[in-house]
Amino acid sequence: MVALVDCNNFYASCERLFQPRLLYKPIVVLSNNDGCVVARSDEAKSLGIKMGIPAFQIKDLIDRDRVISFSSNYTLYGDISNRVMQTLSNFSPEVEIYSIDEAFLNFSGIQNLEEYAKSIKTTVKQWIGVPVCVGVAETKTLAKIANRYAKKNFKNLGVWVIDSEQRRIEALKSTDIEDVWGIGNKYSKMLRSFNINTAYDFSQASENWVKTKMSVVGQRTLLELNGVSCLTLELISEPKNNICNSRSFGQPIISFSPLSEAISNHAASCAFKLRKQKSIASFVQVFIMTNRFSKEDGQYINSTTVSLPIGSNDSKTLIKYALVALKKIYKDGFKYKKAGVQVFGIVPENHIQLGLFDSPSNAKSKKVMKLMDDINFSNGKNTLKLAAQGFDRSWRMKNEKLSPCYTTRFKDLLIIDI
DNA sequence: TCTGGGGTCCTAGGACCC
DNA sequence: TCTGGGGTCCTAGGACCC
């Protein structure tokens, strides 16, 4: 048996942790740049605020103070997430951290599943303050369904165990096809056109038909819904094969210099992520784009890739080649809205491939990067950075409603007057 | 005025090898 | 009428997840 623990309205719950007066109030958390709604409290959901809706479309509600909004504070959410995961590790030796707010736990050998799941819910609430729901079943996909079922029908209990054929069918029948893990927008439309409307309908489809229509991925989902486990717990996280860093700008950029600062910062972030997973990359891709929603302004989207002479994770090297790429595609006369850097050809750093005439003299650069990372780790991100990253940051993203970093910054510690 | 960011996996098709 | 058989690697595109 496997359990899925999923935090309720996670970002909204994190914000509420330190502002109890917001309990029972509708609150939303916005995406980067205060763009779209990415998390809603139950009260906000019942006001009809949809996931992903642009913030300006609910401006009235926010202005009239009916809904309280927050910019995303990933430092806070990341820290709370770590605490939740740490707590979960007390309940099972095998925990797969699936996302910032969910984890799968190996439940094999546990006697009273429902009681055990309840104790997880109670403990996380008591130790961390975040409400969670727990779904338990034979496969990961069914555990997801059980979790949803608990959220929908037994919010207070917060736990659902699929441990009988009857319960499995009941849960499948009450799950819409688009709510099945692994079946997204395109597939659910296709399936609905064949009159497959619920998870149960899908579970009755023939394996061959599903494989033809949805490849082995769909076939796995089908089997998992029928209690055949195809997805195992992934306990060790593999190094990333793709690393990308990009942001929209708080305001449009119309000249090269701030754009080059933004690209330098993105390249430095990629380099940092590479160093963190002990990898190097061989290609750097840069992309820039104008505001795709703007009807009046001219549109320009372009990207280009340059290859590094030797694979690297050195910020100086990545910035240097990212700027070479940027110069190739930059054009005057456009209002740029977003830019980013992506790195490819990622391999472990000891797999470095030298050119015929190169000598392996990167010891110095490694030392510098290590020093920089150490200083930034103990003193805060960007304490030490490269000049190309700039000091102006006029391109910086908008986050006007950022909450304090209550748990990670001394000056943001909550003070309580008694 | 204002519309997020970061990933994964799979398949088909083309180019190549012996 | 007839045209081998068995592979690999790479890329683009499409689906999905949070």
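No experiment lies behind these values; they were computed from the predicted model shown. Naming convention: chains lettered A, B, ... in sequence-line order (proteins, then strands); numbering from 1 in each chain.
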Five-pair end axes of the helix from dG5(B)-dC18(C) to dC18(B)-dG5(C), angle between them (10°): 0°

D412(A) side-chain N/O to C405(A) backbone N/O, donor-acceptor pair under 3.5 Å: yes

Side-chain donor or acceptor of N90(A) paired with backbone N/O of T87(A) under 3.5 Å: yes

Salt-bridge criterion met for D42(A) and K155(A) (N-O under 4.0 Å): yes

Short N-O contact, R192(A) and E178(A), less than 4.0 angstrom: yes

Parallel, tilted or perpendicular: rings of F104(A) and W181(A) (30°, 60°): tilted

Mutual orientation of the aromatic rings belonging to Y300(A) and F334(A) [parallel < 30°, tilted 30-60°, perpendicular > 60°]: parallel

Test item: S282(A) and L308(A) side chains (from C-beta on) under 4.5 Å apart, heavy atoms: no

Any K370(A) side-chain heavy atom under 4.5 Å of R275(A) side chain: no

Looking for any heavy atom pair under 4.0 Å, which part of the strands does [X] touch: base, sugar-phosphate only, or nothing?
X	result
V180(A)	sugar-phosphate
I183(A)	sugar-phosphate
E102(A)	sugar-phosphate
K398(A)	nothing
I53(A)	nothing
N185(A)	sugar-phosphate

So if I take [range] and measure heavy-atom distances to DNA chain B, which residues fall below 4.0 Å?
range	result
residues 69-85 of chain A	none
residues 206-230 of chain A	S215(A), V216(A), V217(A), R220(A)
residues 186-203 of chain A	none

When you compare the side chains of [X] and [Y], does any donor N or O come within less than 3.5 Å of an acceptor on the partner?
X	Y	result
S279(A)	E349(A)	no
Y149(A)	E170(A)	yes
N106(A)	S108(A)	yes
K401(A)	S69(A)	yes

Along DNA chain B (nearest heavy atom to each residue), the more 5'-positioned of N241(A) and N32(A): N32(A)

First encountered from the 5' end of DNA chain B, between I243(A) and D34(A): D34(A)

Separation between OG of S269(A) and NZ of K381(A), rounded to the nearest 0.5 Å: 6.0 Å

Reported OH-to-OG distance for the pair Y24(A) and S41(A), which is rounded to 0.5 angstrom: 12.0 Å

Nucleotide range of DNA chain B lying under 4.0 Å from chain A heavy atoms: dT1(B) to dT11(B)

Nearest-Å distance once atom P is located in both dC18(C) and dT3(B): 25 Å

Verdict with reasoning, N226(A) to L223(A), per side chain to side chain contact (heavy atoms under 4.5 Å, CB included): CA-CA 5 Å; N226(A) 286 317; L223(A) 290 168; 5.8 Å; no

N/O donor-acceptor pairs under 3.5 Å from side chains in residues 336-346 of chain A, not counting sequence neighbours:
| from | atom 1 | to | atom 2 | distance (Å) |
| --- | --- | --- | --- | --- |
| Y336(A) | OH | K331(A) | N | 3.3 |
| Y336(A) | OH | K331(A) | O | 2.7 |
| K337(A) | NZ | F249(A) | O | 3.2 |

